[in-house]
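Counting convention: from 1, in listed order, for ligands and their atoms alike. The shown structure was predicted, so the numbers you read here are calculated from the model rather than taken from an experiment.
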Amino acid sequence: MIRPAELIHRKRDGAELSEVEISELVLAYARDEVPDYQLAAFCMAVYFRGLTPTETHALTDAMVRSGETIDLSPLGRKVVDKHSTGGVGDKASIVIGPVVAACGVPFAKMSGRGLGHTGGTLDKLESIPGFRIELSGDEFIRQVQEIGLAIVGQTADLVPADKKLYALRDVTATVDIDPLIASSIMSKKIAGGADAILLDVKVGDGAFMRTLNEARELARTMVELGRLAGREVVCELTDMDQPLGRAVGNALEIAEALDTLEGSGPPDLTELVLGASAHLLDLSDLGVDVDEGRRLAEEAVASGAARELYDRWVRAQDGDPARDALPRTPVVRPVPAHASGFVQAIATMDVGLAALHLGAGRTRKEDAIDHAVGVVCLAKRGDRVEAGQPLADVHARDEESAAGCVTEIEACYRIGDGEPERKPIVLDVLS
Ligand code: URA
């Protein structure tokens, strides 16, 4: 029997706990045998003292063992998955899935909902009329077998310890702690069953990781956790100092995902999608390298195969894949530039929050989302704008919320003289 108070005390004083102690603490918490207040104190001790690699591995392993795991071996193929640490306007999975599947590689993904200012793939998919995010384990495997692609919500039985712990961390200022983020993400990816995983670690103002060094540290931890679980992991570190693409808001992001699948998406999103797809094809059992993977991904978009696969996938999950079926708002208002010059910076987290205030995200877990509302950032970092020119369009339910959002978005844009340095979308790759 572990004594939680003693473990908290020792962690607070900087001691390393044994694998058994960590594991028992987490599993007892998942079984409701340790109260929230003790786990909250433990997480705060971890914030100040950290976890060693052995402790982080023990934590991840215990989280995986807290519930069911998915066995994808009946597919008889090497299955790939992709995960982003969360950002603003990140609809990449909705494009990457169909591209990779159109190249003949099975893609099986469990996604999450929006967290704070960041959007969630499930919320975006639910803006497609009829789209069903809940599939049984058998349906999930059958769909990957038949179509090559399924993106679903995490079932209640998969990593229940993370579900509980995440909700607790969210309200106790203990989300942004490297070993806790790494174990939270990797436990879900390991339990999800894929053999190879591409992680997109977002860096910048709109991400949980603010600096490249912090992101590298997190990426190294996750690659190592994957290796210890027998999974291949590649981490891309990508720019989140401005929204990805232009659209921020659920249905607007689906429309932009469709543009990208049709070859007319924004340059940064297109580049991220093709680069990530190339890595996933390299990780797959197709026997191609990254360069050939990139060529295949480009071809899947150019030939229309990726868009066709999207249609089949969405129909398989009971959704209507037509662009016209997406919900729209009655009000669209421009955000005029307050000065002429170059866009120097966009306060990315604030753009995410402005969209959330419009109704695109939640402030409480039980809040309903307005799938149609959001912001389209027409001007991106480095663009030249003239005073009065629209920087963005606000898609709102009514004039009052539109006016509030226009003011918020205007404040997100910093315009000045001199062209700022261009930054690539992919900042580094680790494996
Ligand atoms: N995403 C997760 O799934 N977990 C975290 O802790 C942070 C981001």
Exercise for review: Could you walk me through whether Ser93 and Lys82 pass the side-chain hydrogen bond (donor to acceptor under 3.5 Å, both in side chains) test, one step at a time?
Suggested key: CA-CA 7 Å; Ser93 295; Lys82 175 255 165 199; 3.0 Å; yes
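- Less than 4.0 angstrom separates some heavy atom of Arg169 from each of these atoms of ligand 1: 6 (O).
- Of the N or O atoms in Tyr166, none lie within a sub-3.5 Å distance of an N or O in ligand 1.
- Residue Lys188 places at least one N or O, backbone or side chain, under 3.5 Å from an N or O of ligand 1.
- Residues Asp268 and Leu244 are in side-chain contact: their nearest non-hydrogen atoms beyond the backbone lie under 4.5 Å apart.
- Residues Arg307 and Leu261 approach most closely at CB-O, 4.3 Å, considering heavy atoms.
- Taking 4.0 Å as the cut-off, Ile185 counts as a neighbour of ligand 1 on heavy-atom distance.
- Of all the heavy atoms in Lys91 and Lys124, the pair that sits closest is N-NZ, 4.2 Å.
- Remark: the backbone N or O of Ala379 is paired with a side-chain donor or acceptor of Tyr413 at under 3.5 angstrom.
- Atoms of ligand 1 found under 4.0 Å from any heavy atom of Ser184 (numbered from 1 in listed order, with element): 2 (C), 3 (O), 4 (N), 5 (C), 6 (O).
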